[in-house]
Structure formats: C-alpha cells, structure tokens
Q: 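Here you go, one structure.
Values in this document were obtained by computation on a predicted structure and should not be read as measured data. Note: hydrogens, waters and symmetry copies are ignored here, and every other heavy atom, side chains too, is used.
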Amino acid sequence: MTEQFAADVLICGAGAAGLTLAIDLARRGVSFRLIEKLDDPFRGSRGKGIQPRTQEVFEDLGILDRIVAAGGLYPQQRAYHGDGSFTDSDVVEHQDPTPAEPYHLPLMVPQFLTEGVMRERLVELGHRPEFGCELAGFEQDADGVTARLVGKSGEESIRVRWLVGADGGRSFVRHALDIGFPGKTLGVRAVVADVTLTGLGRDVWHRFAEGDMTRQIGICPLAGTELFQIQGPIPLEGEVDLFAEGLTALVAERTSRDNIHIQSVSWASAFTMNARLADRYRLGRVFLVGDAAHTHPPTGGQGLNTSVQDAYNLGWKLAAVAAGAPDALLDSYEEERRPIAAAMLGLATTLLDALKRGEMRRGREVHQLDIGYPESLLALERPERSGGLLAGDRAPDAPLRGAGGQPIRLFSLFEGPQWTLLGYGVERVAIPPRPGLRIHAIGPRGDIIDDGGHFNDAYAVNSGDWVLVRPDGYVGAIVASSEITALETYLQAVGLGPGGLS
C-alpha cells in the first residue's frame, strides 16, 4: 500500500534559503510546508549584498526586477582621515556587462526587503510561511520523516518524505542529527545596527578609522529605505548598549564628531564572527542548507548568496526524485555544494584579514559567476573537452533571434523548472521530446538563430554538438552527435527518460 504523506518536503526556517527552496518547489508542483519558529519575519538588513550570480537565480525565479526596484547599487565609500580629509573609492571593481554575463554589479538590498519580495512571490504561487511554528523533534526511517511541530494551535505530528533544515547557524536540525560543525571563531566581535540618524548624507558609505580594529566604524545608507546600517568591531567581552543613546556615543567616540545623532534603532545585534562548515549536508532523508550548513564572516557578501544557491541546487533534485528519478541524484547536492561553501569561507576570511588592514576591495571573486561543478558526477563530456566551456560550468547567456524574427535571450529559454537541450546545427529528431525537457535547435534551419555569433563565442561547440543545461543553469552535458547514446543514458539517470518523468 502506498504511504500517505502530509507533504513531500518540510522546510524548517523561512529565511532566504528556506524561501528560495519553497519558491522552487512551488513552481514545480512539489508539496511542502515552510515553518518558521519566529512569530514575525526577520527585520534586519544583515545580508544586504546580492551578487551577480544570485541575480541570475532571482531572474529565473521571477523576482529580479522587484529585487532591483526594492534596493539599489552600492554607493562609493568615503574613507575619512585623521586630518579631516577624505578619499572616495568604489566598493567593488566596476566591470561592464557582457553578452555572456548580463549582471556585473552587486546590488544592495537589505535582507528584510529581499525576503519580503520572496514571500510575495511565494504567495503568488499559492503558499505562505507558517510563522510561530517550531520543529520540536523528528525521526526518520527508510521511507520518510516523522516530525513533531509545536505552533500557535498546539502540537501536531506530520509525516513527510524529506526534511530540510534551513534554520540558521544554531540549527536544531543539525544538532538533532549530531552532525559536526567544525571551524573556528575568528577573534572578531562586531555590532551591526539599522538606524535612523542625522548628521550624514546618503550619497556615500561613510568609513572612519579604517585599519584600526579598536576604532573603525562604517555607516552605510541602506538602499530602498531611510535607514543607515552601522557596522564596527567591538571588544570580545562586555555588554554593548544597542539603544540609540549608546550607539550615538559609540559613533561619536569612533568618528570624533558630535553632530551625528541616532534617532531610532529598528534592529541591532552584537555577534562574534565564525567560519564553520558542517561535516555533512545530507543524512538519510534530511538535508542542511544555508547557515545551518555553513557560517561566514560578513566580509565579501557571500553568506546569503551561498545560502540561496544551496537551495536552488537542492530544489530541482528533490522534485526529480519525487517524480521518480533515482535517489542517488540527491547525493550530488552535498558533493556539489559543500566544496563551494568551503571556498567561500576561505574567501570571506581572507577579506576579513584585508579589512583589518584597511585594504579590503571586492573584485570578480565575490560575484560567484565562476562557481561550477566540473568534478560532479552530473558533468558529462563526450568527447572530453580540453578548454573553453566545460560540463559543470555556469551556462552563459547570449542574445539570439527566434526564427520568427524577434530578439530573445538564452536565459529566457532556460527560465522555468525544466531542463534545456540545445542542439547546434543539428536535426531535432535525434532526441525525442519528453516532459520536463525543452529542446531548441540553433542554426540557420533551427528555431533559434545565432546572428551575432554570441552563442558560438560563449559555448565553443561544433556543428552537431548538443548542450544540456540543468534546471539550475549549469551545463550538465556537452556531447557530439556521435555520442547520442551517452546523452540518452544521462537523461534517464536524472529522471528524463522516454517514459516521461520530469
């Protein structure tokens, strides 16, 4: 007898990672519950940087334009010197967009605004987070997870196929699984606060005493709001006054100015910076995403972005296995994402060291456009390629033209929950259609025309080659026309066999 589940997936935690996963599952028709133990949405600006790769993810999820409208670009930073002079400079290195990489500048969007847009999108898809609902315990077996929830209406027990812990650095799910969380405390404690104030303009990010870890402080106007974010190191021990009077005194001490007055505080936190990485991302039918799996120092704006992309990687795999793909597909989540988090931890820690010296500048390395999975078991090349775009790499964008004459972007072909198969100068009949797969032929007789040569420049394929793009915008396979059998085997392994699994 087929077991009845209350939902396919229980998502514990309705921050950026949990919301990303919920949106992705909702658009795929996968049933879920999204619970959050807090009674109300998070109110702070904490993860305010949206990197270019995450902008591409948000475009696919249908929220990028709203995210851009909610926030803005980073202002220049103004470093004040002891003699009263100052120097303005860019926070990030400026690079122009290209046909292959349409987004090149990080956005500044306070986290509470980002998550608000995500909740709106989720409502459009027919779902809402359940605030004031806490995971109190769970047990798993070979077939599913039994979870005990405590909410506003009391206690309940539900049965789901999978549980995802998106419940932050102090994750209840991770602790319950007894998964190790090794790493280190970085010897830096800081205050971050969202405030209204007088005495400073909103045209630059004000930075004082750069390189002095006992005195430095940054005061950044938060795009899309009337607030400023205050950031600065504080002593490792002792109480910190996070009210308006205390923060006004801190700012006066650090800036040597008595005309900056904090009028109100909407959110504030004192925290110790850590760099930690979970030993495992999966244990049976339970997964960790976001801060539950890794914690970063805030330098470089990597934490929220890495969390969003964890969920984006896991969502399509859960949907595929729910529809009948082999369970082994879910093992690729940890295989692909854990090394990325390890690299991001290293980058954020390096940038923290640079900040201590007053030398931090953010370049291409923070954009996350070069992240890929070339070593993944889901990366197939036949024959093996020696350069250029590889299986496992991020799939580039390209401006193209539809056969009907209208301009079209390659990203618009990828948009949605499906896989995309691109044949370059091919006969489409070589690969039969099936649910969950869109097939496009690029060439003079195809449905897509590469007038400007941008596709060929970015993908460097030969006539007759096939490029399979995963639902998360990475290249799954690049195969020659003589290797169609290998491509068909790959499709079946990910649940896209002729039988119609999607």
Side-chain angles (χ1 to χ4, degrees), residues 1-15 17-36 61 118-119 121-130 133-149 151 156-167 171-173 176-177 281-290 292-293 308 310-334 337 416-419 435-436 470-472 493-497 499-502:
M1 187 175 74
T2 303
E3 183 175 359
Q4 296 296 310
F5 294 96
D8 288 315
V9 185
L10 174 63
I11 307 168
C12 181
L19 286 165
T20 299
L21 182 58
I23 291 169
D24 202 24
L25 294 179
R27 66 179 184 157
R28 297 175 185 280
V30 177
S31 62
F32 66 89
R33 284 182 65 176
L34 173 62
I35 64 170
E36 169 57 59
L61 297 179
M118 297 174 84
R119 287 192 300 272
R121 178 64 176 140
L122 192 59
V123 169
E124 293 172 354
L125 294 167
H127 299 271
R128 297 176 185 272
E130 300 175 41
C133 184
E134 185 171 1
L135 178 66
F138 63 90
E139 296 179 349
Q140 63 171 315
D141 52 46
D143 300 313
V145 179
T146 301
R148 184 164 54 89
L149 310 181
E156 64 175 313
S157 178
I158 66 167
R159 182 81 168 152
V160 296
R161 297 179 68 177
W162 296 287
L163 168 65
V164 178
D167 51 343
S171 170
F172 172 83
V173 175
L177 293 173
Y281 277 27
R282 178 190 188 187
L283 186 57
R285 291 183 166 270
V286 185
F287 300 84
L288 302 177
V289 299
V308 164
D310 285 347
Y312 192 57
N313 182 288
L314 180 60
W316 70 265
K317 296 173 181 178
L318 286 171
V321 176
D327 181 79
L329 180 62
L330 293 172
D331 290 331
S332 69
Y333 166 63
E334 177 179 320
R337 291 304 302 170
Q418 79 292 323
W419 292 72
R470 299 168 15 161
D472 57 356
V494 296
L496 290 170
L501 296 177
S502 60

Q: Partners of Arg285 by side-chain hydrogen bond (donor to acceptor under 3.5 Å, both in side chains), sequence neighbours excluded?
A: none
Q: I want to check something: taking the side chain as every heavy atom from C-beta on, are Leu177 and Gln140 in contact at a cut-off of under 4.5 Å?
A: yes
Q: Of all the heavy-atom pairs spanning Ala14 and Pro129, show the shortest one and how long it is.
A: CB-CB, 3.9 Å
Q: Enumerate, atom names and distances included, each donor-acceptor pair closer than 3.5 Å involving a side-chain atom of residues 316-324, sequence neighbours excluded.
A:
| residue | atom | partner | partner atom | Å |
| --- | --- | --- | --- | --- |
| Trp316 | NE1 | Asn313 | O | 3.3 |
| Trp316 | NE1 | Asp472 | OD2 | 3.2 |
| Lys317 | NZ | Asn313 | OD1 | 2.7 |
| Lys317 | NZ | Ser332 | OG | 2.9 |
| Lys317 | NZ | Glu336 | OE1 | 2.8 |

Q: Kindly indicate whether the side chain of Phe138, heavy atoms from C-beta on, has any atom under 4.5 Å from the side chain of Arg148.
A: no
Q: Are Leu149 and Leu135 side-chain neighbours, meaning at least one heavy-atom pair lies under 4.5 Å?
A: yes
Q: Is any side-chain heavy atom of Leu21 less than 4.5 Å from a side-chain heavy atom of Val164?
A: yes
Q: Using a 4.5 Å cut-off on heavy atoms from C-beta on, say whether the side chain of Arg121 contacts that of Leu61.
A: no
Q: Using every non-hydrogen atom in the two residues, find where Gly165 and Val173 come nearest and quote the distance to one decimal.
A: CA-CG2, 3.8 Å
Q: Which label fits Phe287 and Tyr333: parallel for a plane angle under 30°, tilted from 30 to 60°, or perpendicular past 60°?
A: perpendicular
Q: Dump the intermediate steps for side chain to side chain contact (heavy atoms under 4.5 Å, CB included) on Val9 and Arg161, then the final yes or no.
A: CA-CA 6 Å; Val9 185; Arg161 297 179 68 177; over 6 Å; no
Q: Tell me whether the count of non-hydrogen atoms from other residues, nucleotides or ligands lying under 6.0 Å of CD in Glu139 goes above 12.
A: no
Q: To check you understand the geometry: which heavy-atom pair defines the closest contact between Ala17 and Ala311, and what is its length?
A: O-CB, 3.3 Å
Q: Holding to side-chain hydrogen bond (donor to acceptor under 3.5 Å, both in side chains), I want the full list of residues that pass it with Ser157, two or more places apart in sequence or in another chain.
A: none
Q: Contact between Leu10 and Val145 at the side-chain level, heavy atoms closer than 4.5 Å - yes or no?
A: no
Q: With a 4.0 Å cut-off, would you call Asp143 and Arg159 a salt bridge?
A: no
Q: Distance check, rounded to the nearest 0.5 Å: Tyr312 atom OH versus Arg337 atom CZ?
A: 11.5 Å
Q: Would you name the heavy atoms of Gly290 and Asp310 that are closest together and state the gap between them?
A: N-OD2, 3.1 Å
Q: Would you give the length of the straight line joining atom CG of Leu19 to atom CZ of Arg119, rounded to the nearest 0.5 angstrom?
A: 6.5 Å
Q: With sequence neighbours left out, what residues match Arg282 under side-chain hydrogen bond (donor to acceptor under 3.5 Å, both in side chains)?
A: Asp327, Asp331
Q: Taking all atoms of both residues into account, what is the closest heavy-atom pair of Arg28 and Pro471, and its distance?
A: NH2-CB, 3.5 Å
Q: With sequence neighbours left out, what residues match Ala22 under side chain to side chain contact (heavy atoms under 4.5 Å, CB included)?
A: Ile11, Phe32, Leu34, Leu122
Q: Once side-chain hydrogen bond (donor to acceptor under 3.5 Å, both in side chains) is applied, do any residues pair with Glu130, and if so which ones, sequence neighbours excluded?
A: Arg33
Q: Distance from Tyr281 atom OH to Leu314 atom CG, nearest 0.5 Å?
A: 11.5 Å
Q: Over all heavy atoms of both residues, which pair between Val289 and Ala166 is shortest? Give the atoms and the distance, please.
A: CG2-CB, 3.5 Å
Q: Look at the side chain of Asp167 and the backbone N and O of Phe172, then say whether any donor-acceptor pair between them is shorter than 3.5 Å.
A: yes
